[in-house]
Amino acid sequence: MHLKQSLLAERPPDHEEERRRNPRQEVQGVIFLKFLKSDFRSAAIRAVLIDLSASGFRVSHTSKELCSGQEVAFCHDAGEGMARVVWTRIVGQSVESGFLVCQGKRTE
């Protein structure tokens, strides 16, 4: 399990539609997500990390259970901690979610 940095390392900061405070870095790697404060016991969700920033990350996965406001524990090659689901987009079989890191540490 190793993160690969994209050749498109960061989005241009002058992009007119960009509202994020921190630049995103495109990466490829595996991330594991585990629900916190849940009434049901679920297995960890294995997802693909798409991009990272100092305050969050975006993943692609197959779980349709993730929804805004849920908190998860996460673990990937660049760090671990807790995050909150900000959004989830489902298009056919493709599912993507964006997360805000609540507590975490980077291992880079």
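None of these values were measured; they are calculated from a predicted model.
Following chains of ILVMFWY side-chain contacts shorter than 4.5 Å, one can reach Val101 starting from Leu52, so the two form part of one hydrophobic cluster. If you chain together hydrophobic residues whose side chains sit under 4.5 Å apart, Val27 and Leu33 fall into the same group. Tracing side-chain contacts under 4.5 Å through hydrophobic residues (I, L, V, M, F, W, Y), one never reaches Val85 starting from Ile50; they form parts of separate clusters.
Test Arg89, Gln70, His61 against Ser97 for side-chain hydrogen bond (donor to acceptor under 3.5 Å, both in side chains) and you get one pass: His61.
To the nearest 0.5 angstrom, Lys34 atom NZ is 15.0 Å from Met82 atom CE. To the nearest 0.5 Å, the span separating CG on Leu49 from CD on Gln25 amounts to 10.0 Å. Expressed to the nearest 0.5 Å, how far CZ of Arg58 lies from CD of Glu96 amounts to 5.0 Å. The distance from atom CD1 of Ile45 to atom OG1 of Thr62, rounded to the nearest 0.5 Å, is 8.0 Å.
Residue Val91 belongs to no hydrophobic cluster, having no ILVMFWY side-chain heavy atom closer than 4.5 Å to its own.
Shown here for Ser53 and Pro23, the closest heavy-atom pair between the two residues is CB-O, 3.4 Å.
Residues Phe32 and Glu80 have side chains not in contact (no heavy-atom distance under 4.5 Å, counting atoms from C-beta outward). Between Val72 and Leu66 the shortest side-chain heavy-atom distance falls below 4.5 Å.
With sequence neighbours left out, Phe57 forms a ring-ring contact (aromatic ring centres under 6.0 Å, His included) with Phe74, Phe99. Not a single side chain to side chain donor-acceptor pair (under 3.5 Å) links Ser63 to another residue, sequence neighbours left out. Evaluation of the side-chain contact (heavy atoms from CB on, under 4.5 Å) rule for Ser68 yields no partner, not counting sequence neighbours. Residues satisfying the salt bridge (charged side-chain N to carboxylate O under 4.0 Å, His left out) criterion with Arg46, sequence neighbours excluded, are absent altogether.
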